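Worth saying up front: this structure is predicted, and the values here are computed from it rather than measured. Labels below follow one simple rule: chain letters A, B, ... track the order of the sequence lines, proteins then strands, and each chain is numbered from 1.
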Amino acid sequence: MVLRSNSAAYSFIRLQLGIRISPFSASFHSQSSPKPFIVTNLNDALKVFDEMSQAHPLPSVVEFTQLLNDITKMKHFSSSIRLFNRMCALGVPVNEYTMSIVINCCCHLHRSNDAFAVLGSCFKRDIVPNTAIFNTLLNGLVVEGRIREAERLLVKVITNKLCEPNVVMYSTMIKGLCKTRDYVQAVGLLKLMDKSGCKPNVVAYSTVIDSMCKHKMIDDAFKIYKEMVFQKGIPPDAVTYNSLIPGLCKVGRSKEASKMLKEMSDDQKMSPNVKTFTILVDALCKEGKLEEAEAVIKSMPERDILPNIVTYNSLINGYCLQGEMSKARTDFDSLASRCLIPNVVTYNTLLKGYCNESKIDEAMHIFNEITERGLEPDVVTYTTMLQGLFRGKRCEDAKELFLIMKETGCSPNDTTYNVLLHGCLKNQQYDDVKMLLVEMDERGYLLWASNLSLLQSRIAAKILDESLFELICKLEPENSVNASCLDT
DNA sequence: CTAGGGTTAG
């Protein structure tokens, strides 16, 4: 149970802050007044603040707080906090609303400790924190992964009646519990809300559903979904579907995903968009169901949704995976007539397709086309091309390209190094192995399992020197991924 | 002022 009874009244906040809690202090009611200034950037805002702070008499707390709110909305959280401190120094009688903005800023900066310090000064100033303030604090802890502390805070809020917890507060706690995969407690809290009269809504349920979908617990997710819809009568919304559809795709159940997407499309209140459809198209392509993927794309305009370049990248990738390069090429060539501009991912996809077919000259052609079209080859482009060159046994070209890559300022990453290492080992380019291992070690990159076994076998066969073992051990291969796909 | 979601390539 989350809400075990706890008699250590007040202790959590008091201990944490060293402050006295006065829940019965009078609340401050500010009057609203028109906005004095309109600011759109930080510099203007800071100028306005300077003017305000030099005015006689000093503008009211309401005006200062509105300015603070504007700066916070521009996401200049640190500046807001600085100005708040200056307000306090000026003697502006800050109120509950000012405090909530500052606490919000601290939490956005992942500094809940500072947020609690602000809460402490609320109590000192006899400002009663409201539910929104406690929700923000709770969320701050959850965002920082301090789930146990978040739980304790919630318990204190309830047992000490610091504020009336609402559905937002419970949902925030549920998010935290899901984060640690504590679904027993997360679901328990849903039930407890029900009993306590604070009925869980679609957000509370969808939080749990989404987390389960992300962790491939699709059956559990549907159990909660059914409970929500059929037992509680809460209809799903677009967010619920956007969790369940990718969740089904992720576990290879694209048929059900496509049924669900149709269900979603039939609902007038729901609006699946191009991303929702692209998830399904991509899943179908990866399962090799290209005709179905094409059908989904064809059906999109009927729903006033136009496939974009990302949708077509998935389709092109699907054909590349099936080895149907001519179809991939046809779709690629048709992009212009659909008013779509290929991006670097499009080219990388085709490049990989040609490399997999060992059509290195075609791949080279695509590679050159990237720059001709005014795009920049990225680390994926270079890595794919390097892999293709090694596959075509063009080791000298590969080494040359690696140099060009570095010269143009494109930093190789761990995949690049593993691809190079694999290529060298498979092509008997043993002179380069040590240099690559040293550079990987310098950058802290991990060794793929496939490369580890290649290295071990070469050492066992006395082709490579035993002294490399020490270096290999430092690359922590036990944590690395299996890249046996390279051997195809 | 506070809680949940979604796309492509090595």
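- Side-chain contact of D378(A) with N348(A): a donor-acceptor pair under 3.5 Å is present, judged by distance alone.
- In this structure, M173(A) and I147(A) have side chains that are in contact, with non-hydrogen atoms separated by less than 4.5 Å.
- Within the 6.0 Å centre-distance limit, the rings of F367(A) and Y382(A) are counted as a close aromatic pair.
- Side chains of Y354(A) and H365(A): no donor on one and acceptor on the other come within 3.5 Å.
- In this structure, D266(A) pairs ionically with K262(A), as a charged nitrogen and a carboxylate oxygen lie closer than 4.0 Å.
- One interatomic measurement links the two molecules: CG of L137(A) to P of dA3(B), which rounds to 12 Å at whole-angstrom precision.
- Residues from residues 339-351 of chain A placing a heavy atom under 4.0 Å of any atom in DNA chain B, listed by number, are V345(A), N348(A), T349(A).
- Between the C1' atom of dG10(B) and the CE atom of M405(A) lies a distance of 10 Å, rounded to the nearest Å.
- Here dA9(B) presents its C1' atom at 12 Å from CD of Q387(A), a figure rounded to the nearest Å.
- Residue pairs meeting the side-chain hydrogen bond (donor to acceptor under 3.5 Å, both in side chains) criterion with at least one member in residues 292-301 of chain A, sequence neighbours excluded: E294(A)-Y319(A).
- Listed in residue order, the members of residues 293-300 of chain A having a heavy atom less than 4.0 Å from DNA chain B come to none.
- A donor-acceptor pair under 3.5 Å links the side-chain atoms of E144(A) to the main chain of R111(A), judged by distance alone.
- The residue K250(A) sits apart from the nucleic acid: no heavy atom pair falls under 4.0 Å.
- Rounded to whole Å, the distance from NE2 on H215(A) to P on dG4(B) is 16 Å.
- In this structure, CE of M264(A) is placed 15 Å from P of dG5(B), rounded to the nearest angstrom.
- Among the atoms of the strands shown, only primed sugar atoms or phosphate atoms (P, OP1, OP2) are found under 4.0 Å from some heavy atom of T172(A).
- Here the P atom of nucleotide dT2(B) and the CZ atom of F77(A) are 10 Å apart, to the nearest Å.
- For Y205(A) and Y225(A), the ring centers sit 6.0 Å or farther from each other.
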